[in-house]
Amino acid sequence: SKTRLKQLTDQSKAVHYTTCELSDKLSKYVVSVYGAVGAIQNAFNKFTGARDSFLAYDEALTDAMKTTNLTKDEILDLSDSLKQIDTKTPQNELLALVRAGGKLGITGQEDLLGFVRAADKINVALSEDLGGNAEAAITAIGKMTDIFSLTDEYGIEQAMLKVGSAINELGMASCLLYTSDAADEL
């Protein structure tokens, strides 16, 4: 009976050891599987993000093509030129400015590039003063350059920068007048 008890105890220890060993290996396997699944999901998310970025870029190119009557090759060339602009403005937003320029009737890659350079500078410098709707404000500035025939004299880029500077100066002057009036009341 002691031998039988010893046999059962030994078998019990062996089963326990085997079960613990199996459990340990299984837990390591599960961790490995979770890691692999996580890596696959991460890669899929990056792919999806890249795809979404490309689709947004392609849509911005198409929108710009619609208003400018540029061919696909011309708009791609213009897009490459936009990448050379020293700005923090994202490429898709620069292409939106190209679209706005096309709506104003600006044609040709060089004029559109000049328009975008000026519009970007104006947007950066006057974004708060323009009321948050940069495209509408830049469109208005583009129309002003046309109304005052500044484009013929200075070219689109310089004409827009001059109008933007004038608006900035008028904004500062009106602030000074308001401040002066407020000071007089005190």
Side-chain angles (χ1 to χ4, degrees), residues 41-180:
Q41 187 171 12
N42 189 26
F44 180 76
N45 289 342
K46 286 184 180 188
F47 172 76
T48 302
R51 184 203 63 205
D52 291 346
S53 294
F54 174 76
L55 290 175
Y57 173 70
D58 192 56
E59 185 176 335
L61 285 173
T62 302
D63 289 346
M65 282 174 49
K66 288 177 188 175
T67 62
T68 61
N69 293 322
L70 294 177
T71 65
K72 183 78 168 181
D73 288 339
E74 290 171 328
I75 202 74
L76 287 171
D77 287 344
L78 180 57
S79 180
D80 285 342
S81 297
L82 295 175
K83 292 175 186 173
Q84 305 307 312
I85 296 175
D86 184 20
T87 183
K88 292 181 180 177
T89 305
Q91 184 76 6
N92 289 357
E93 289 180 31
L94 295 177
L95 286 167
L97 294 174
V98 170
R99 182 178 55 80
K103 284 182 176 180
L104 288 171
I106 298 169
T107 59
Q109 291 183 34
E110 284 304 311
D111 284 345
L112 286 165
L113 182 59
F115 173 83
V116 171
R117 278 194 301 254
D120 183 55
K121 287 176 186 173
I122 291 166
N123 186 32
V124 169
L126 301 176
S127 60
E128 288 182 25
D129 298 333
L130 298 176
N133 188 349
E135 185 175 336
I138 289 168
T139 299
I141 290 172
K143 288 179 182 177
M144 284 185 228
T145 63
D146 193 40
I147 290 170
F148 296 114
S149 302
L150 298 173
T151 305
D152 295 338
E153 187 174 344
Y154 299 106
I156 188 68
E157 184 173 358
Q158 287 305 309
M160 287 185 63
L161 291 173
K162 288 181 182 300
V163 171
S165 291
I167 290 171
N168 191 31
E169 287 179 30
L170 286 171
M172 287 189 299
S174 67
C175 277
L176 289 174
L177 284 173
Y178 177 76
T179 304
S180 175

CA sep, side-chain torsions, deciding dist, call: I138, F115, side chain to side chain contact (heavy atoms under 4.5 Å, CB included) = CA-CA 10 Å; I138 289 168; F115 173 83; 3.7 Å; yes

task = Specify the closest pair of heavy atoms between T139 and A100, including all atoms of both residues, with the distance to one decimal.
result = OG1-CB, 4.3 Å

CA sep, side-chain torsions, deciding dist, call: M65, K72, side chain to side chain contact (heavy atoms under 4.5 Å, CB included) = CA-CA 7 Å; M65 282 174 49; K72 183 78 168 181; 3.8 Å; yes

query = Roughly how far apart are S165 OG and I122 CD1, rounded to 0.5 Å?
reply = 8.0 Å

ask   = Which pair of heavy atoms, one from L112 and one from G102, lies closest together, and at what distance?
value = CD2-N, 4.0 Å

remark   = Smallest heavy-atom separation, L61 atom then S79 atom, equals CD2-CB, 4.0 Å

request  = Indicate the atoms forming the closest heavy-atom contact of G114 with I156, along with that distance.
outcome  = C-CG2, 4.3 Å

task = Mind running side chain to side chain contact (heavy atoms under 4.5 Å, CB included) on L94 and D120 for me, showing each step along the way?
result = CA-CA 7 Å; L94 295 177; D120 183 55; 4.1 Å; yes

request  = Give a yes or no on whether the backbone of G49 and the side-chain of S53 come within a donor-acceptor separation of less than 3.5 Å.
outcome  = yes

inquiry  = Looking at D146 and K143, is there a salt bridge between them, counting it only when a charged N and a carboxylate O are closer than 4.0 Å?
reply    = no

query = Are the side chain of Q91 and the backbone of Y57 linked by a donor-acceptor contact shorter than 3.5 Å?
reply = no

message = A quick test of your reading: do over 12 heavy atoms of other residues, nucleotides or ligands sit less than 6.0 Å from NZ of K88?
response = no

ask   = So do K121 and E157 actually touch side chain to side chain, heavy atoms under 4.5 Å?
value = yes

task = Kindly indicate, with the supporting measurements, whether the criterion side chain to side chain contact (heavy atoms under 4.5 Å, CB included) is fulfilled by E74 and T68.
result = CA-CA 10 Å; E74 290 171 328; T68 61; over 6 Å; no

query = About how many Å separate CE of M144 and CD1 of I167, when rounded to the nearest 0.5 Å?
reply = 4.0 Å

key: Distance (rounded to the nearest 0.5 Å) between T151 OG1 and D111 CG   = 8.5 Å

key: Considering all heavy atoms, the nearest L104-G142 contact   = CD1-CA, 3.9 Å

note = Rounded to the nearest 0.5 angstrom, the OG1-CG distance for T89 and L95 is 11.5 Å

query = Of the options I106, L78, L113, D63, which is the one that meets V98 in a side-chain contact (heavy atoms from CB on, under 4.5 Å)?
reply = L78

request  = Starting at CG of L82, measure out to CD of Q109 and round the result to the nearest 0.5 Å.
outcome  = 9.5 Å

key: Spacing of E93 atom CD and R99 atom CZ [to the nearest 0.5 Å]   = 11.5 Å

